[in-house]
Amino acid sequence: MRIVYFAWVRERIGKAEETVDLPAGVATIADLAGWLSGRGEEYAHAFADPKVVRAAIDRHHVKADAPIAGAREIAFFPPMTGG
Amino acid sequence: MRIVYFAWVRERIGKAEETVDLPAGVATIADLAGWLSGRGEEYAHAFADPKVVRAAIDRHHVKADAPIAGAREIAFFPPMTGG
Amino acid sequence: MASTIRLQSEDFDVAAETAALTRGRVDIGAVVTFTGICRASEAGHDVAAMTLEHYPGMAEEEIGRHVAEAERRWPLLGVVVIHRHGRLVPGDNIMMVAVAAAHRGAAFAAAEFLMDYLKTQAPFWKKEERRDGSAWVAAKSADDAAAERWAKALEG
Amino acid sequence: MASTIRLQSEDFDVAAETAALTRGRVDIGAVVTFTGICRASEAGHDVAAMTLEHYPGMAEEEIGRHVAEAERRWPLLGVVVIHRHGRLVPGDNIMMVAVAAAHRGAAFAAAEFLMDYLKTQAPFWKKEERRDGSAWVAAKSADDAAAERWAKALEG
């Protein structure tokens, strides 16, 4: 599964994108954020306050309980500050 | 006293402005509209529905009960449709 | 605050007026413009042209009072109001408002406030040339209601 | 409805975009534009420059969804949304929205709706260069509240 990161989530993790193989049991955005947090300090730092990190599945905003099955691209990023 | 007319008030009366000498007892905008209405058919037509005709004293919007003493210029016109 | 109020029969250039508002400044974060344009059809009838009559002197003063009131209500950094008079055909610009501020909330609110008041309080009158002759445009109760809401906002 | 959505690093010309919206048309009575400009000072600190990061692909799609929603809510005759990315300095244009409609109520409402949603939902992030280093701009709760009011307006 392709995962992309933006803004300070990207900076903390140290990469803009990666492709990961998910273990069974990672079913929602919250599960994925939790699993990523366990991959190292940089991930733990990025997801330190999981409520602040927003997510999108295939370019649509989703909530933490959204199921990720079938997703092609999942994005994690801070609250938006465009406009 | 100088009186100016705009839009269909002007068209009905047939003039854009005039200077009039007011008789005693004409104290308010409503009094003035009533007095003008008695000056001829064209005036009666212009002021046929006095609630529709708006007034300004010295370039400030006023209501029908506004006193006209000391006014330099009084204007009568329909509701505004600018913008 | 820089403010420009002009009544003219000639057309105006929204871009040039807006550029003049913001040129050389780094404190303006938001510019809202409104342009009113003559339409070929109003309320179901065709309009070949319209003539805008105004009350010279009072029109400028009345707009000036509204601009001052807007400046009192919101932290503005610049206002332009230009209103044309004379004969206009469909597609012609009628008037424009531009408001500059640090943030968008003030710019949007002041632009809408100015438009609502100009529609109901500025001494302009439109006469339309229609297929069956010419006729003065009637004031819209929707415009009065729009202007009313600002009075309510003040009380509330 | 004609709509233009563009993300670009280059500057844009509000006048040219607006002219393209209205050219040759006589059904448009109102055009509202919003221009967002980079300020030299935000929330009390100096800003030397800012860099706008965006999510390519999603940014266009998300703006497109908001434009479609605005068109569903109001009778619009044209919409332009342009958002820049990359490095900008104070005085530079950041983004613009232009909305054309027959009447001003729809044009103002749709322009504000689009701005409120773009601020909180379009995937853009600003990083400011400040005197003490660079920092990501924090989302404002006022912007969330502004976007919320449209959801309430739908329910109410």
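This is a predicted model, so every value here is computed, not measured.
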Contacting moiety of B/Val4, where chain C heavy atoms sit under 4.5 Å: side chain

Does the structure place the NZ or CZ of B/Arg39 under 6.0 Å from the centre of the six-membered ring of B/Tyr43, at an angle of no more than 45° from the ring's axis? yes

Measure C/Ala59 against the heavy atoms of chain B and call it side chain, backbone, both or neither at under 4.5 Å. neither

I'd like to know if the side chain of C/Arg73 reaches the main chain of C/Ala106, judged simply by a donor and an acceptor atom lying under 3.5 Å from each other, with no hydrogens or angles considered. no

Is it the case that the side chain of C/His103 and the backbone of C/Ala30 share a donor-acceptor pair, with hydrogens and angles ignored and the cut-off at 3.5 Å? no

Residue-level contacts of residues 116-130 of chain C with chain B, using a heavy-atom cutoff under 4.5 Å: C/Leu118, C/Lys119, C/Thr120, C/Gln121, C/Ala122, C/Pro123, C/Phe124, C/Trp125, C/Lys126, C/Lys127

Hey, which of C/Met115, C/Lys140, C/Arg65 has the most heavy atom pairs under 4.5 Å with chain B? C/Arg65

Between B/Phe47 and B/Phe76, is the ring centroid distance below 6.0 Å? yes

Hey, are B/Arg59 and C/Glu60 close enough for a salt bridge, meaning a charged N less than 4.0 Å from a carboxylate O? no

Considering residues, nucleotides and ligands other than B/Glu41, do more than 12 of their heavy atoms fall under 6.0 Å from its CD? no

Backbone N/O of C/Ala15 and side chain of C/Asp13: donor-acceptor pair under 3.5 Å: yes

Is a donor on one side and an acceptor on the other found under 3.5 Å between the side chain of C/Asp46 and the backbone of C/Ser41? no

So for C/Arg84, is it side chain, backbone, both, or neither that comes closer than 4.5 Å to the heavy atoms of chain B? neither

Under 4.5 Å to a heavy atom of chain B? For C/His85 that would be neither

Neighbour count above 12 (heavy atom, 6.0 Å) for B/His45 NE2: no

Could you look at B/Ala56 and say if it's the side chain, the backbone, both or neither that has a heavy atom under 4.5 Å from chain C? side chain

